[in-house]
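Only a predicted model underlies this, so the values are computations on that prediction, with no experimental measurement involved. Residue numbers start at 1 and run along the sequence shown.
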Amino acid sequence: MASRKVFVGVEAVLEELGRLSDTETWRPHSGRGKKRSASAMSVNDGTERWNDCSVEDEVPALPNFLPKRNPGAQLVMDRIYSPLQLFQLFFTGSVVDTIVKNTNTFAKIRSEAGKHFLWLPLKAEELYSYIALVIYMGLLGAKNIIDYWSGKEIYRLPFPKSVMSRSRFQAISWNLHLCDPEDDRENSQKKGTQAYDRLFKIKPLYNDIVSACKTYFHPDRQLAGDERMVATRARIGIKQYMKDKPTKWGYKLYVLADSACGFTWNFFVYEGKSSLATGKGLSYDSVMQLLDLSLLGKGYQLFMDNFYTSPCLFMDLLAKKTLACGTIRTNRRGFPRTKANDLSRRGQRGTIRCLRDGKLLFVKWMDTREVTVCSTMHKAYDGDAVLRRVKNPEGEWERRRIPIPTAVKDYNKYIGGVDLSDALIGYYNVLHKTTKWYNTFFFHFVDIAVVNRFILHQHLSKAQNKSPLSQKEFRERLVSELATQSSTSGAPEPSTSHAPELSASTSHAPEPSTSAISAGEPCCSEYFGSNATSGRRVCALCKLSGLKVKTPMYCTK
C-alpha cells in the first residue's frame, strides 16, 4: 500500500511537469552555477552586437584644439642659448642657492654630531662643478666612483682631477641636502599623522623642476601618459615592484610627455595610498593629477595603456573637452559583455570588430593576438592598412597589407612619448649608487633637466635652420661649461665652524704646496693610497712646527 502511494505521487509530479512545459521553459537550478550580471543579461536582448568593418560608423564630433600657448619651446626662438643657459632654466640661481644653503647647514649639523670629515663651505660655483662631474660620469660609466680619480694606467682620467678632488666630491655627496634640515626635523616628528610628508626631503627641487618643465615648453596636441621606474635598492616604503618593467624595483613616477619629442611636461612620485583618493581607482586619479588643463587648454588627445583606460575616465575627460584613446582590459567596468558576432580567437589576421556605445568606441582587432582599444576620438575603420607577415594558402609566409582600425594605428604612433623620454635618459643615465634615498631623486631630476634641455635645444635649432647637436655632444658641452663656470670664480675658503674637532693623532692639515700657503688658498686634499688606512706619510705643515705626524692625505696643488 505504501509503495502504491509513492507511485501515485511520482505520477502527480510528472503530470505537473507536463503542464508547465506547455506554458514556459523550466530549468533545474544548480547551486554551483554563477549568477549572471545585468550586463550579461542584456546580451540576449539583442541591444548590443559587435559589427565588422563593412558597417559604416559615424564620425565623432571633435572639440577644437585650443591650447593656452603656442605649442613648442617657450623661449625667444631667434636667440642663441648655450647648454649652460638652458641648464639654468631648470636649475635657477635660487634653486642652486637653496641647495647650497641646506647642504652647508646639514654638514654643520653632522660635524657637531661628531662625524669626522674634512668640510669647506660649499658655494654655488662648486655645486656646478659637482653636477658637471655627475653628468660626466653618465657619459663614461665607470663601475666605481673612485675609478675616475684612479692613478692606474688603464684609467688615469685627467678631467675629474682638474675639476674637483675625489675626497671633495665624496664629501659633497655625503652632505648633499635638498630641504632645510630644521624643517625636515619638524616633519619627522609628524610621522604617523596625516600632516607627515614622505617626500619632504626632495620637495624644494622636486617642485621647482616640475614648474620649470611646465613653464618653458608647451606640448603639442598628442600626449602620452605612462609609469616610469627609477631603480633603487633602498629599504623604504615608497619603493614599488612592477614585473612588466625592465626596472622591476624602484621608485614609481607617473609621467605625462609630449608624444612627438618625448619632453617630460609633468610628473609626480607615487608615495602609496592617498587620503585624497576619489574612490574611482589609482589609474583614474593619476591621469587627473597629471592633466593640468588650466595650463594646457582644450582639445588635447591623450594616449594611455590598459592600466589607465576605463569608460568612466574617458567620459569624464570628454566632459572637460579632452579626447582619449588607449588599450583596455575586457574585464573593465563598462566594457561590452555581449558575445554576439564577437571576434573569434582563431580569426584571420586583420579581422575587425567594433561596437559604439554613445560617444565611446570599442574596437577589437586580430593581429598576432587580439588587441582591444577604447576611444572617444576615432571612427571605427577609415580604410587604413598595415604590412604584416601572413601565411598564404600554400603555407608560405608573405608580406601582405591587412586592414587596421584608425584607433589602433594612432595608438601605436603616439603612445611612445614616455618611452622616448626614458630612452633618452637611459643612454647617459647619471644615476649611481648612494646610501641616501633622496640623492637618487636628485640624480634623476638632473637626468630629466638635461634631457628636457636637449629637446629645447633641438626646437631652437630647428627654428633657426641649424643642425642640432647630438645628445652626447650636448652633454659634453654642458659638462665643459659647468666646469668652466666654477673655475672662473674664486675658490671656497676653509670653514672653522663646519670642521670637526680632530684627535691628536690627526690634528694636522693636508700637505699643501708653497704657493697655496702663501696665497692663503685652501688645499685640494687627496689620499696617497686607495683609502685613509694605507700610504701614510709625514705631514708637511706639522713638520714645519717641529712635529712628526703621519697623514694619509696630500694636497693635489
Side-chain angles (χ1 to χ4, degrees), residues 83-84 87 91 96 99-100 103 107 117-176 425 427-436 439-440 442-447 449-450 471-492 494 510-513 515-516 521-532 534-535 551-557:
L84 177 60
F87 171 86
F91 278 77
V96 172
I99 297 175
V100 168
T103 300
F117 56 90
L118 181 64
W119 182 253
L120 302 171
L122 182 65
K123 291 187 177 180
E125 295 77 13
E126 199 170 11
L127 182 61
Y128 285 133
S129 295
Y130 177 81
I131 297 175
L133 288 177
V134 167
I135 300 173
Y136 172 81
M137 293 173 183
L139 289 169
L140 267 66
K143 291 297 182 182
N144 202 316
I145 293 294
I146 64 175
D147 292 338
Y148 294 100
W149 288 270
S150 175
K152 295 180 180 178
E153 187 176 358
I154 59 174
Y155 294 106
R156 198 169 293 176
L157 301 171
F159 181 75
K161 295 179 180 179
S162 67
V163 176
M164 184 181 296
S165 67
R166 184 187 71 185
S167 59
R168 182 59 174 169
F169 181 87
Q170 290 177 328
I172 296 175
S173 297
W174 294 336
N175 296 284
L176 186 66
I425 290 175
Y427 292 145
Y428 307 103
N429 192 353
V430 306
L431 183 65
H432 55 259
K433 291 181 181 179
T434 175
T435 57
K436 295 180 174 62
N439 282 0
T440 301
F442 172 79
F443 295 137
H444 185 65
F445 293 158
V446 170
D447 271 329
V450 171
Q471 187 184 180
K472 182 172 180 291
E473 294 171 338
F474 181 84
R475 286 177 179 257
E476 288 171 350
R477 287 197 185 181
L478 177 59
V479 168
S480 177
E481 291 178 8
L482 284 171
T484 306
Q485 171 86 358
S486 62
S487 63
T488 57
S489 304
E511 182 181 351
S513 63
S515 59
E521 296 180 354
C523 300
C524 295
S525 55
E526 185 57 274
Y527 289 115
F528 287 112
S530 59
N531 52 47
S534 61
T551 173
M553 306 177 73
Y554 69 98
C555 178
T556 57
K557 294 183 179 181

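Atom-to-atom distance recorded for I135:CD1 and L478:CG is 4.5 Å, nearest 0.5 angstrom. I131 contributes atom CD1, which lies 10.0 Å from atom CZ of F443 (distance to the nearest 0.5 angstrom). In this structure, CG in N429 is found 4.5 Å from CG in D447, a value given to the nearest 0.5 Å. Atoms OG and CG, from S480 and L84 in turn, are 10.0 Å apart once rounded to the nearest 0.5 Å. A distance of 10.5 Å separates NE2 of H432 from CG of N144, quoted to the nearest 0.5 Å. Considering CZ of R477 and OG1 of T484, their distance stands at 12.5 Å, rounded to 0.5 Å.
R168 places a side-chain N or O within 3.5 Å of a backbone atom of L120 that can act as its donor or acceptor partner. Between the side chain of R475 and the main chain of Y428, a donor-acceptor pair closer than 3.5 Å is present. Side chain of W174 to backbone of A107: no donor-acceptor contact under 3.5 angstrom is found. With hydrogens and angles ignored, the 3.5 Å screen pairs a side-chain donor or acceptor of S162 with a backbone N or O of F159.
Between P83 and E481 the shortest heavy-atom distance is CD-OE2, 3.5 Å. Here the closest non-hydrogen pair linking Q170 and I146 is NE2-CG2, 3.9 Å. Residues G151 and R156 come closest through the heavy atom pair O-NH2, 3.3 Å. Minimum heavy-atom separation, L122 to V100: O-CG1, 3.0 Å. Summarising the geometry of F87 relative to Y128, their closest heavy-atom pair is CE2-CE2, 3.7 Å, with the distance given to 0.1 Å. In this structure, F169 and M137 approach most closely via the heavy-atom pair CZ-CE, 3.4 Å.
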**Prompt:** V446 and F91: side chain to side chain contact (heavy atoms under 4.5 Å, CB included), yes or no, with the steps?
**Reply:** CA-CA 9 Å; V446 170; F91 278 77; 3.9 Å; yes
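Between Y130 and F442, the ring planes lie tilted relative to each other; the angle falls in the 30° to 60° range.
In this structure, E126 and I172 have side chains that are in contact, with non-hydrogen atoms separated by less than 4.5 Å. A 4.5 Å side-chain heavy-atom check between L482 and L133 finds every atom pair outside the cut-off.
A salt bridge links E476 with K472: the closest approach of a Lys/Arg side-chain nitrogen to an acidic carboxylate oxygen falls below 4.0 angstrom.
Legend: residues meeting side chain to side chain contact (heavy atoms under 4.5 Å, CB included) with S150, ordered by chain and number and at least two apart, are K152, Y155. Partners of L157 by side chain to side chain contact (heavy atoms under 4.5 Å, CB included), not counting sequence neighbours, listed by chain and number: Y136, L140, Y148, P160. Contacts of K433 classified as side chain to side chain donor-acceptor pair (under 3.5 Å), with partners at least two apart in sequence or in another chain: none.
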